[in-house]
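A, B, ... follow the sequence lines: proteins, then strands. Residue 1 opens every chain.
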Number of protein chains: 2
Amino acid sequence: MKQKNVSLNDIAKSLGVSRALVSLVLNGKAAEHGIAESTCQRVLAKASELNYKPNQLARSLRLGRSFTIGLVVSDISNIFYSKLARAVEDLAERAGFSLVICSTDEQVDKEQKLLRLLQNRQVEGIILSSSQADCDDLTRLKNDGVPLVLIDRKLDCKQLSTVVSNNRLGGEIGTKHLIDSGYKRPLALAITPAHISTISERVKGYTNAVTEVGIAPWVAEVPFEEVPSYVEALIGRLKAENRLPDSIFALNNSVTSAALVALKKHGLDVPASVGLISFDDIPYFEFMNPAISAVEQPIAKLAEVAFGRLMDQINGSSATAYESLTVELPVNLIVRESTTKQQPN
Amino acid sequence: MKQKNVSLNDIAKSLGVSRALVSLVLNGKAAEHGIAESTCQRVLAKASELNYKPNQLARSLRLGRSFTIGLVVSDISNIFYSKLARAVEDLAERAGFSLVICSTDEQVDKEQKLLRLLQNRQVEGIILSSSQADCDDLTRLKNDGVPLVLIDRKLDCKQLSTVVSNNRLGGEIGTKHLIDSGYKRPLALAITPAHISTISERVKGYTNAVTEVGIAPWVAEVPFEEVPSYVEALIGRLKAENRLPDSIFALNNSVTSAALVALKKHGLDVPASVGLISFDDIPYFEFMNPAISAVEQPIAKLAEVAFGRLMDQINGSSATAYESLTVELPVNLIVRESTTKQQPN
DNA sequence: TTGAAAGCGCTAACAC
DNA sequence: GTGTTAGCGCTTTCAA
């Protein structure tokens, strides 16, 4: 059943020529080596007759190129990352690369293990949304010669090429929108661990905006592993104590979902009782009742820039000095119904 | 910068022993070859001193095993497939395999190209949600010795191991729920191309259920490439002509979204004006207003069974005769608010 | 115009 | 107990 694949050698032998000749022809280098047209034909014919499939593994070993890149994120089933993955996949395919996708579940040791694995598999580069708190491990990887670009989350280190959304600004914009809509007491729903740059930046933006107009910041930190239950309990408690916020800025899509569930469960109407805006836009937000306002990230652009930088590294053209190693892409405010405050009081 | 990686050879040379010796030690086969403990230590020490990273490419070539499997679906950014991918990834990782993910966009030629590519890359197996109408191409692949299992969609051929949801039954269950809820004129929103088994099976189930109670089937086929605009136009037309359905069975998640958008745009309240049930449950359905009823597929189970069968093929234990080559997993009806008909008239 | 030879990094069979 | 040899399938000089 598992018959051996036909190799270059098989073709060569059955034609009475050398492997090299066959390789040259099959790689379209016949012309530049002045190989007879007739020979070419025979080779090509034989190859297709034998149903020859080049073994890319062998080719990769010989060439020192695997034509594979890795994408490492916290969870590929999160819609933000799956959209990102799709964008990267398209880019990679067009450039002749396959994509190996890995999820880390925010576990640093798992991330490190996965990164080593990819390195051992000789991937030509890695695009990473890291859960790590510092970049020692990653600079080591980079120094091993593995092209690497950080996406979505930045680390506090200047050595690594990084492509992120402008999360701080997004936090500000979203918060300002809340304030401009007449809300006086917006709660920011953040997530731990606190070193994740996306969240901390968004919190900063929120804090700036709120402070600027003399409102005291109010941030609740939701533990990553228990988002839904924690948020529901929180809302319940605030309601019981009669000190609900008049609006909520949910700082990523998982906490937005949790907030929506909790609000609904506790019979709190959006936006009548509580306004809501989400960081991360989701297709479903558009047709919910009410439609959810959101700060949208430029996912396709993130992928594009990150992939471009990775290719630069792979092709050694990283010499092209960038203005800055880290680029922050602009986000976009989408106003829908969930932040429509009832007439001002 | 791109310094050469240290190889087995480097360790061997710098220690004055043979490559083979080093290989054995590093693979934990020192004991069974009676290699001196002291030698082991020296090797291990040197390996870590030199920061040795085994080249999996070379290892794979030698072993004839790539420790990689492919997952091919129509679009990895569709939440159904990204959840499936995550489940497969976990299984694969636990079994020591990496996962290469590919999207076909329902294009048969792209699918074929991707499949060949994976084959050339020597993946050890492929899990595929195929867009093809027949299985000639796939049996050829299988006959080339590539372990293959179909997931989500089945083809009309008995040779290929296949794992799907019981879509026909799901279609029936969903439709019956509509009927039981008092709806008299349910429209099924299908999608073309018509050969996609998931959809055609669901239509069958719908038709059975509706026919059984003497209602005439009413199926609208939405072209795959223009779902949103088509659905919106359709609803608009039906409304204008004053012959709206009293309920809609949206036969997959993309058409559900489209229906929701269209209904909202045309000011049609769910479920007051039109009831709605979706094939495929989405996390967001739970907290929408109204919460959307749905037929839920057992995604984790699909992945599990498919992966198990793939492993059986890879390990040659596929001899274990299955009861049937194709398995259909039960689906689950989730009743929420979108199918709550107002008091019967 | 074609072929021979070397070698990518690894492992398994078989000596010593 | 330890080391040698051969070779996975491919590409690329270099020589003929």
Tell me the interatomic distance from [X], atom [atom1], to [N], atom [atom2], rounded to whole angstroms.
X      : N     : atom1 : atom2 : result
A/R121 : C/dG9 : CZ    : P     : 18 Å
B/L50  : C/dG9 : CG    : P     : 14 Å
B/E37  : D/dT2 : CD    : C1'   : 15 Å

State which residues pass salt bridge (charged side-chain N to carboxylate O under 4.0 Å, His left out) with [X]; sequence neighbours excluded, sorted by chain then number.
X      : value
B/K301 : B/E304
B/D134 : none
A/E89  : A/R86

key: Distance test, side-chain N/O of B/K29 to OP1/OP2 of C/dT11, below 4.0 Å   = no

key: Pair listing, salt bridge (charged side-chain N to carboxylate O under 4.0 Å, His left out) test, anchored in residues 47-67 of chain B, at least two apart   = A/D144-B/K53, B/K46-B/E49, B/R65-B/E124

Residues two or more places apart in sequence or in another chain: which of them pass side chain to side chain donor-acceptor pair (under 3.5 Å) with [X]?
X      : value
B/K83  : none
B/S98  : A/R121
B/S161 : B/R309

message = Parallel, tilted or perpendicular, judged at 30° and 60°: which one describes the rings of B/F307 and B/F97?
response = perpendicular

message = For nucleotides 3-10 of chain D, give me one character per nucleotide, 5' to 3': B if any protein heavy atom sits under 4.0 Å from the base, S if the only such contacts are to the sugar-phosphate, - if neither.
response = SB-BBBBB

key: Stem list, DNA chain D (Watson-Crick or G-U pairing under 3.5 Å, at least 3 consecutive pairs)   = C:1-16 with D:1-16

